[in-house]
Chemist: 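Dumping the structure here so I can ask a few things about it.
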Amino acid sequence: MKRAATIRDLDRSLAPARKGGRRIGFVPTMGALHQGHLALIAAAREQCDTVVVSIFVNPTQFDDKSDLDTYPRDLKRDEKTAAGAGVDVLFAPSVDEIYPESFNTSVNVEELTDLLCGAVRRGHFRGVTTIMAKLLNIVKPDVVYMGEKDYQQMVVVRQMAADLNMDVEIAGVPTVREPDGLAMSSRNALLSSAERAAATVLSRALLIAKDMVSEGCTDSRTLEERIRLMIAEEPLVRLEYLNIVDPERLRDVAEVRGEAVIAVAAHLGDTRLIDNVVVRAEGA
Ligand code: AMP
(Lines give C-alpha, C1' and ligand atoms only; values in the text may rest on other atoms or scores of the structure.)
Protein backbone atom coordinates (compact mmCIF):
# COMPACT_ATOMS: atom_id res chain seq x y z
CA MET A 1 0.00 0.00 0.00
CA LYS A 2 1.25 3.46 -0.90
CA ARG A 3 0.78 6.32 1.53
CA ALA A 4 0.25 9.89 0.37
CA ALA A 5 0.09 12.95 2.63
CA THR A 6 0.05 15.55 -0.15
CA ILE A 7 -1.81 15.96 -3.41
CA ARG A 8 1.51 15.71 -5.26
CA ASP A 9 2.28 12.38 -3.57
CA LEU A 10 -1.18 11.14 -4.43
CA ASP A 11 -0.83 12.14 -8.09
CA ARG A 12 2.49 10.35 -8.21
CA SER A 13 1.03 7.21 -6.61
CA LEU A 14 -1.94 7.18 -8.96
CA ALA A 15 -0.07 8.05 -12.16
CA PRO A 16 0.31 4.40 -13.35
CA ALA A 17 -3.37 3.62 -12.70
CA ARG A 18 -4.50 6.77 -14.49
CA LYS A 19 -2.16 6.20 -17.41
CA GLY A 20 -3.25 2.57 -17.69
CA GLY A 21 -6.92 3.63 -17.77
CA ARG A 22 -7.61 1.53 -14.69
CA ARG A 23 -10.92 1.83 -12.89
CA ILE A 24 -10.32 3.79 -9.70
CA GLY A 25 -12.60 3.23 -6.70
CA PHE A 26 -12.52 5.78 -3.90
CA VAL A 27 -13.64 5.47 -0.27
CA PRO A 28 -13.59 8.81 1.58
CA THR A 29 -13.50 8.45 5.39
CA MET A 30 -12.68 10.34 8.54
CA GLY A 31 -10.65 7.40 9.85
CA ALA A 32 -11.01 5.29 13.00
CA LEU A 33 -11.72 2.57 10.47
CA HIS A 34 -14.25 -0.14 11.37
CA GLN A 35 -16.19 -2.90 9.63
CA GLY A 36 -18.51 -0.35 8.02
CA HIS A 37 -15.58 1.28 6.25
CA LEU A 38 -14.23 -2.16 5.38
CA ALA A 39 -17.48 -3.03 3.59
CA LEU A 40 -17.01 0.04 1.38
CA ILE A 41 -13.40 -0.94 0.72
CA ALA A 42 -14.46 -4.53 -0.10
CA ALA A 43 -17.03 -3.26 -2.61
CA ALA A 44 -14.39 -1.03 -4.22
CA ARG A 45 -11.87 -3.90 -4.25
CA GLU A 46 -14.41 -6.12 -5.99
CA GLN A 47 -15.51 -3.62 -8.63
CA CYS A 48 -12.39 -1.56 -9.34
CA ASP A 49 -8.75 -2.09 -10.27
CA THR A 50 -7.27 0.47 -7.90
CA VAL A 51 -8.66 1.38 -4.47
CA VAL A 52 -7.97 4.75 -2.86
CA VAL A 53 -9.02 5.49 0.73
CA SER A 54 -8.80 8.96 2.22
CA ILE A 55 -8.58 9.72 5.91
CA PHE A 56 -9.35 13.32 6.68
CA VAL A 57 -11.24 14.63 9.69
CA ASN A 58 -12.80 17.52 7.82
CA PRO A 59 -13.07 20.53 10.15
CA THR A 60 -15.58 22.40 7.97
CA GLN A 61 -18.31 19.79 8.46
CA PHE A 62 -18.24 19.95 12.26
CA ASP A 63 -20.84 22.35 13.57
CA ASP A 64 -19.71 21.54 17.11
CA LYS A 65 -16.10 22.30 18.06
CA SER A 66 -15.98 19.75 20.90
CA ASP A 67 -17.19 17.02 18.51
CA LEU A 68 -14.21 17.87 16.27
CA ASP A 69 -11.84 17.87 19.25
CA THR A 70 -13.00 14.49 20.58
CA TYR A 71 -13.40 12.77 17.18
CA PRO A 72 -11.41 9.49 17.41
CA ARG A 73 -8.12 9.52 15.49
CA ASP A 74 -5.62 6.66 15.11
CA LEU A 75 -3.71 6.90 11.85
CA LYS A 76 -1.17 4.18 12.68
CA ARG A 77 -3.92 1.65 13.34
CA ASP A 78 -5.87 2.80 10.26
CA GLU A 79 -2.79 2.32 8.07
CA LYS A 80 -2.55 -1.32 9.17
CA THR A 81 -6.29 -1.88 8.71
CA ALA A 82 -6.26 -0.34 5.24
CA ALA A 83 -3.19 -2.32 4.15
CA GLY A 84 -4.83 -5.53 5.42
CA ALA A 85 -7.98 -4.75 3.44
CA GLY A 86 -6.09 -4.49 0.15
CA VAL A 87 -6.14 -0.70 -0.23
CA ASP A 88 -3.71 0.47 -2.91
CA VAL A 89 -3.31 4.10 -1.88
CA LEU A 90 -4.05 5.72 1.48
CA PHE A 91 -4.42 9.49 1.22
CA ALA A 92 -4.16 11.20 4.62
CA PRO A 93 -3.57 14.91 4.04
CA SER A 94 -3.13 17.64 6.66
CA VAL A 95 -5.73 20.36 7.15
CA ASP A 96 -3.31 22.88 5.60
CA GLU A 97 -2.90 20.74 2.50
CA ILE A 98 -6.66 20.75 1.93
CA TYR A 99 -7.49 24.23 3.19
CA PRO A 100 -4.56 26.57 2.55
CA GLU A 101 -4.92 30.04 4.03
CA SER A 102 -6.13 31.40 0.69
CA PHE A 103 -9.02 28.92 0.50
CA ASN A 104 -12.27 30.79 -0.12
CA THR A 105 -14.89 28.63 -1.87
CA SER A 106 -17.70 26.40 -0.73
CA VAL A 107 -20.13 24.10 -2.48
CA ASN A 108 -23.71 23.97 -1.22
CA VAL A 109 -26.64 21.78 -2.20
CA GLU A 110 -29.95 23.51 -1.49
CA GLU A 111 -33.18 22.12 0.03
CA LEU A 112 -32.06 18.53 0.69
CA THR A 113 -29.65 19.99 3.21
CA ASP A 114 -32.39 21.83 5.12
CA LEU A 115 -33.95 18.51 6.18
CA LEU A 116 -33.12 15.82 8.78
CA CYS A 117 -29.54 16.34 10.01
CA GLY A 118 -29.28 19.56 8.00
CA ALA A 119 -32.06 21.16 10.06
CA VAL A 120 -30.08 20.71 13.27
CA ARG A 121 -26.45 20.73 12.10
CA ARG A 122 -26.26 24.10 10.37
CA GLY A 123 -23.46 24.27 7.82
CA HIS A 124 -22.63 20.57 8.18
CA PHE A 125 -23.58 19.56 4.64
CA ARG A 126 -21.89 22.60 3.13
CA GLY A 127 -18.70 21.25 4.71
CA VAL A 128 -19.44 17.76 3.40
CA THR A 129 -20.11 18.83 -0.19
CA THR A 130 -17.14 21.18 -0.22
CA ILE A 131 -14.71 18.47 0.92
CA MET A 132 -16.32 15.91 -1.38
CA ALA A 133 -16.03 18.23 -4.39
CA LYS A 134 -12.37 18.78 -3.54
CA LEU A 135 -11.61 15.10 -2.93
CA LEU A 136 -13.35 14.08 -6.16
CA ASN A 137 -11.26 16.62 -8.07
CA ILE A 138 -8.09 15.49 -6.31
CA VAL A 139 -8.57 11.70 -6.64
CA LYS A 140 -10.57 11.70 -9.91
CA PRO A 141 -12.16 8.31 -9.23
CA ASP A 142 -14.53 6.42 -11.50
CA VAL A 143 -16.66 5.29 -8.56
CA VAL A 144 -17.00 6.65 -5.03
CA TYR A 145 -18.33 4.33 -2.33
CA MET A 146 -20.57 5.77 0.37
CA GLY A 147 -22.46 4.15 3.24
CA GLU A 148 -26.23 4.08 3.52
CA LYS A 149 -25.59 4.59 7.24
CA ASP A 150 -25.24 8.28 6.36
CA TYR A 151 -28.18 8.15 4.00
CA GLN A 152 -28.75 11.88 3.67
CA GLN A 153 -25.05 12.48 3.02
CA MET A 154 -25.13 9.95 0.16
CA VAL A 155 -28.22 11.57 -1.38
CA VAL A 156 -26.76 15.07 -1.02
CA VAL A 157 -23.46 14.05 -2.65
CA ARG A 158 -25.36 12.36 -5.50
CA GLN A 159 -27.30 15.58 -6.03
CA MET A 160 -24.09 17.61 -6.08
CA ALA A 161 -22.43 15.25 -8.56
CA ALA A 162 -25.46 15.36 -10.86
CA ASP A 163 -25.92 19.15 -10.60
CA LEU A 164 -22.25 19.89 -11.24
CA ASN A 165 -21.93 17.29 -14.04
CA MET A 166 -19.26 15.41 -12.18
CA ASP A 167 -18.24 12.34 -14.10
CA VAL A 168 -18.37 9.91 -11.19
CA GLU A 169 -20.65 7.12 -10.06
CA ILE A 170 -21.80 7.21 -6.43
CA ALA A 171 -22.28 3.64 -5.17
CA GLY A 172 -24.26 3.08 -1.95
CA VAL A 173 -23.27 0.31 0.45
CA PRO A 174 -25.73 -1.10 3.04
CA THR A 175 -25.18 -0.32 6.72
CA VAL A 176 -22.93 -2.69 8.63
CA ARG A 177 -24.14 -3.41 12.17
CA GLU A 178 -22.69 -4.81 15.39
CA PRO A 179 -24.05 -8.27 16.31
CA ASP A 180 -26.63 -6.58 18.58
CA GLY A 181 -27.81 -4.33 15.75
CA LEU A 182 -26.10 -1.03 16.58
CA ALA A 183 -24.94 0.63 13.35
CA MET A 184 -21.14 0.73 13.32
CA SER A 185 -19.79 4.23 13.76
CA SER A 186 -16.50 5.76 14.80
CA ARG A 187 -18.46 7.66 17.45
CA ASN A 188 -19.59 4.43 19.17
CA ALA A 189 -16.17 4.38 20.84
CA LEU A 190 -17.17 7.53 22.74
CA LEU A 191 -20.16 5.85 24.46
CA SER A 192 -20.00 4.78 28.13
CA SER A 193 -20.92 1.14 28.69
CA ALA A 194 -24.40 2.12 29.88
CA GLU A 195 -24.88 4.35 26.82
CA ARG A 196 -23.55 1.60 24.55
CA ALA A 197 -26.17 -0.80 25.93
CA ALA A 198 -28.96 1.78 25.62
CA ALA A 199 -27.96 2.70 22.05
CA THR A 200 -29.23 -0.62 20.69
CA VAL A 201 -32.78 0.67 21.11
CA LEU A 202 -32.35 2.74 17.94
CA SER A 203 -31.76 -0.21 15.62
CA ARG A 204 -34.23 -2.41 17.53
CA ALA A 205 -36.97 0.18 17.05
CA LEU A 206 -36.11 0.69 13.38
CA LEU A 207 -36.07 -3.02 12.67
CA ILE A 208 -39.44 -3.50 14.38
CA ALA A 209 -40.85 -0.70 12.22
CA LYS A 210 -39.36 -2.38 9.17
CA ASP A 211 -41.12 -5.64 10.11
CA MET A 212 -44.37 -3.73 10.63
CA VAL A 213 -44.09 -2.34 7.09
CA SER A 214 -43.43 -5.84 5.70
CA GLU A 215 -46.55 -7.00 7.50
CA GLY A 216 -48.64 -4.32 5.83
CA CYS A 217 -48.55 -1.33 8.20
CA THR A 218 -47.81 1.66 5.98
CA ASP A 219 -49.18 4.54 8.06
CA SER A 220 -46.25 6.76 9.04
CA ARG A 221 -47.90 8.05 12.20
CA THR A 222 -48.48 4.51 13.52
CA LEU A 223 -44.91 3.53 12.70
CA GLU A 224 -43.49 6.66 14.30
CA GLU A 225 -45.54 6.17 17.47
CA ARG A 226 -44.22 2.63 17.88
CA ILE A 227 -40.62 3.81 17.44
CA ARG A 228 -41.07 6.76 19.81
CA LEU A 229 -42.60 4.53 22.50
CA MET A 230 -39.67 2.13 22.34
CA ILE A 231 -37.05 4.85 22.43
CA ALA A 232 -38.84 6.61 25.31
CA GLU A 233 -38.23 3.50 27.41
CA GLU A 234 -34.50 4.21 27.37
CA PRO A 235 -33.86 7.23 29.60
CA LEU A 236 -30.26 7.58 28.34
CA VAL A 237 -31.44 8.14 24.77
CA ARG A 238 -32.70 11.60 23.80
CA LEU A 239 -34.38 11.45 20.42
CA GLU A 240 -33.43 14.38 18.20
CA TYR A 241 -35.50 13.57 15.13
CA LEU A 242 -37.51 10.73 13.67
CA ASN A 243 -38.76 11.04 10.10
CA ILE A 244 -40.19 8.71 7.50
CA VAL A 245 -39.17 10.13 4.15
CA ASP A 246 -39.08 9.37 0.47
CA PRO A 247 -35.67 7.96 -0.50
CA GLU A 248 -34.76 10.62 -3.07
CA ARG A 249 -36.14 13.98 -1.98
CA LEU A 250 -36.10 13.12 1.75
CA ARG A 251 -39.55 14.67 2.23
CA ASP A 252 -41.85 13.29 4.93
CA VAL A 253 -44.38 10.78 3.66
CA ALA A 254 -47.72 10.18 5.41
CA GLU A 255 -47.80 6.67 4.04
CA VAL A 256 -45.11 4.25 2.90
CA ARG A 257 -45.64 3.51 -0.78
CA GLY A 258 -42.87 1.61 -2.50
CA GLU A 259 -39.63 2.55 -0.74
CA ALA A 260 -39.16 4.90 2.18
CA VAL A 261 -36.40 5.64 4.64
CA ILE A 262 -36.99 5.77 8.38
CA ALA A 263 -34.26 8.01 9.79
CA VAL A 264 -33.42 8.81 13.41
CA ALA A 265 -30.88 10.91 15.26
CA ALA A 266 -30.40 10.72 19.02
CA HIS A 267 -28.11 11.99 21.73
CA LEU A 268 -26.60 9.71 24.37
CA GLY A 269 -24.72 11.94 26.78
CA ASP A 270 -22.37 14.03 24.63
CA THR A 271 -22.51 11.63 21.68
CA ARG A 272 -24.86 12.02 18.76
CA LEU A 273 -25.79 8.91 16.77
CA ILE A 274 -27.79 8.48 13.58
CA ASP A 275 -29.34 5.41 12.02
CA ASN A 276 -31.88 4.54 9.36
CA VAL A 277 -33.57 1.65 7.60
CA VAL A 278 -34.84 1.49 4.06
CA VAL A 279 -38.33 -0.04 4.08
CA ARG A 280 -40.48 -1.29 1.24
CA ALA A 281 -44.26 -1.67 1.22
CA GLU A 282 -45.03 -4.87 -0.65
CA GLY A 283 -47.43 -4.61 -3.54
CA ALA A 284 -47.11 -0.80 -3.61
P1 AMP B 1 -17.01 8.40 8.24
O2 AMP B 1 -15.59 7.96 8.44
O3 AMP B 1 -17.88 8.14 9.43
O4 AMP B 1 -17.12 9.79 7.68
O5 AMP B 1 -17.61 7.45 7.12
C6 AMP B 1 -16.97 7.25 5.89
C7 AMP B 1 -17.87 6.45 5.01
O8 AMP B 1 -18.16 5.20 5.63
C9 AMP B 1 -19.22 7.12 4.76
O10 AMP B 1 -19.62 6.91 3.41
C11 AMP B 1 -20.12 6.40 5.72
O12 AMP B 1 -21.48 6.40 5.32
C13 AMP B 1 -19.55 5.00 5.68
N14 AMP B 1 -19.93 4.27 6.89
C15 AMP B 1 -19.76 4.65 8.17
N16 AMP B 1 -20.31 3.74 9.01
C17 AMP B 1 -20.84 2.77 8.22
C18 AMP B 1 -21.56 1.55 8.49
N19 AMP B 1 -21.83 1.15 9.72
N20 AMP B 1 -21.96 0.81 7.43
C21 AMP B 1 -21.69 1.22 6.16
N22 AMP B 1 -21.02 2.34 5.84
C23 AMP B 1 -20.60 3.11 6.86
Side-chain angles (χ1 to χ4, degrees), residues 25-47 51-64 67-68 70-75 77-79 81-82 85 87 90-93 95 98 116-118 121 124-125 127-136 139 141 143-161 168-191 196 199-200 202-203 206-207 247 250 261 263-265 271-278:
F26 175 41
V27 179
T29 82
M30 297 205 298
L33 299 181
H34 52 66
Q35 296 291 330
H37 299 115
L38 291 179
L40 273 59
I41 294 170
R45 192 60 289 159
E46 202 176 298
Q47 296 164 14
V51 177
V52 182
V53 170
S54 65
I55 293 183
F56 182 64
V57 182
N58 174 37
T60 65
Q61 73 187 68
F62 284 80
D63 51 321
D64 174 354
D67 187 22
L68 174 62
T70 58
Y71 199 84
R73 292 166 168 89
D74 192 345
L75 187 57
R77 192 177 145 269
D78 286 345
E79 282 180 353
T81 307
V87 171
L90 187 71
F91 179 48
V95 172
I98 297 297
L116 304 176
C117 290
R121 300 188 68 189
H124 165 66
F125 285 112
V128 167
T129 41
T130 301
I131 188 63
M132 283 301 293
K134 283 177 67 73
L135 288 172
L136 293 176
V139 177
V143 192
V144 56
Y145 292 84
M146 302 191 71
E148 284 181 5
K149 153 83 178 16
D150 300 276
Y151 195 92
Q152 184 175 16
Q153 171 171 275
M154 180 180 73
V155 171
V156 165
V157 171
R158 274 207 182 112
Q159 181 77 41
M160 172 191 78
V168 65
E169 181 192 329
I170 316 278
V173 176
T175 301
V176 178
R177 298 179 178 281
E178 298 284 358
D180 64 8
L182 179 68
M184 293 210 178
S185 163
S186 306
R187 288 190 175 89
N188 292 350
L190 304 173
L191 299 170
R196 171 65 186 79
T200 61
L202 299 176
S203 55
L206 289 174
L207 293 174
L250 307 180
V261 179
V264 293
T271 308
R272 181 177 179 276
L273 299 181
I274 56 171
D275 198 355
N276 70 81
V277 282
V278 180

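Computed from a predicted structure; not experimentally measured. Side chains included, hydrogens not; waters and symmetry mates left out as well; all remaining heavy atoms used. Numbering of ligands and ligand atoms starts at 1, following listing order.
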Chemist: Just by distance, do the side chain of D150 and the backbone of Q153 share a donor-acceptor pair under 3.5 Å?
Modeler: no

Chemist: Considering only heavy atoms from C-beta outward, does the side chain of M146 approach that of V157 to under 4.5 Å?
Modeler: yes

Chemist: For R158 and I170, indicate whether the former's side chain and the latter's backbone hold a donor-acceptor pair under 3.5 Å.
Modeler: yes

Chemist: Using a 4.0 Å heavy-atom cut-off, say whether V27 meets ligand 1 through its side chain, its backbone, both or neither.
Modeler: neither

Chemist: Once side chain to side chain contact (heavy atoms under 4.5 Å, CB included) is applied, do any residues pair with R45, and if so which ones, sequence neighbours excluded?
Modeler: V51, D88

Chemist: Have a look at L40, I274, I131, I41 and point out the one with the heavy atom closest to atom 13 (C) of ligand 1.
Modeler: L40

Chemist: Counting only heavy atoms, which portion of H37 has something under 4.0 Å from ligand 1: side chain, backbone, both, or neither?
Modeler: side chain

Chemist: Ignoring angles and geometry beyond distance, decide whether S185 reaches within less than 3.5 Å of ligand 1 through its nitrogen or oxygen atoms.
Modeler: no

Chemist: Record the part of K149 in heavy-atom contact with ligand 1 below 4.0 Å; permitted values are side chain, backbone, both and neither.
Modeler: side chain

Chemist: Determine whether a donor-acceptor pair (N or O, by modelled atom type, separation under 3.5 Å) exists between the side chain of D74 and the backbone of A32.
Modeler: no

Chemist: Heavy atoms, side chains only, cut-off 4.5 Å: are K149 and I274 in contact?
Modeler: yes

Chemist: Using side-chain heavy atoms (C-beta onward) and a distance below 4.5 Å, is L190 in contact with Y71?
Modeler: no

Chemist: State whether the side chain of T130 and the backbone N or O of G127 hold a donor-acceptor pair below 3.5 Å, judged by distance alone.
Modeler: no

Chemist: Looking only at distances, can you tell me whether any N or O atom of V173, backbone or side chain, sits closer than 3.5 Å to an N or O atom of ligand 1?
Modeler: no

Chemist: Taking side chain as C-beta onward, heavy atoms only, is R196 less than 4.5 Å from L182?
Modeler: yes

Chemist: Should A183 be counted as touching ligand 1, given the test is an N or O pair under 3.5 Å?
Modeler: no

Chemist: Which residue and atom name correspond to the protein heavy atom nearest atom 4 (O) of ligand 1, and how close is it?
Modeler: M30 CG, 3.6 Å

Chemist: Closest non-hydrogen protein atom to atom 11 (C) of ligand 1, residue and atom name please, with distance?
Modeler: D150 OD2, 3.1 Å

Chemist: Ligand 1 versus P28, non-hydrogen atoms closer than 4.0 Å: side chain, backbone, both, neither?
Modeler: backbone

Chemist: Is it the side chain, the backbone, both or neither of A32 that has a heavy atom closer than 4.0 Å to ligand 1?
Modeler: neither

Chemist: Mind checking whether M146 has an N or O less than 3.5 Å away from an N or O of ligand 1?
Modeler: no

Chemist: Give the numbers and elements of all ligand 1 atoms closer than 4.0 Å to a heavy atom of M184.
Modeler: 16 (N), 17 (C), 18 (C), 19 (N)

Chemist: To the nearest 0.1 Å, how far is atom 3 (O) of ligand 1 from its closest protein heavy atom, and which atom is that?
Modeler: Y71 OH, 3.8 Å

Chemist: Could you tell me the residue and atom name of the protein heavy atom closest to atom 20 (N) of ligand 1, and the distance to it rounded to 0.1 Å?
Modeler: V176 N, 2.9 Å

Chemist: Taking the side chain as everything from C-beta on, heavy atoms only, tell me whether Y151 gets closer than 4.5 Å to P247.
Modeler: yes

Chemist: Nearest to atom 10 (O) of ligand 1, what protein heavy atom do you find, and at what distance?
Modeler: G147 N, 2.9 Å

Chemist: If the cut-off is 4.0 Å to any non-hydrogen atom of H34, which atoms of ligand 1 fall inside it?
Modeler: 15 (C), 16 (N), 17 (C)

Chemist: Please determine if Y145 has a nitrogen or oxygen closer than 3.5 Å to a nitrogen or oxygen of ligand 1.
Modeler: no

Chemist: Is there a side-chain contact between M30 and S186, using heavy atoms and a 4.5 Å cut-off?
Modeler: no

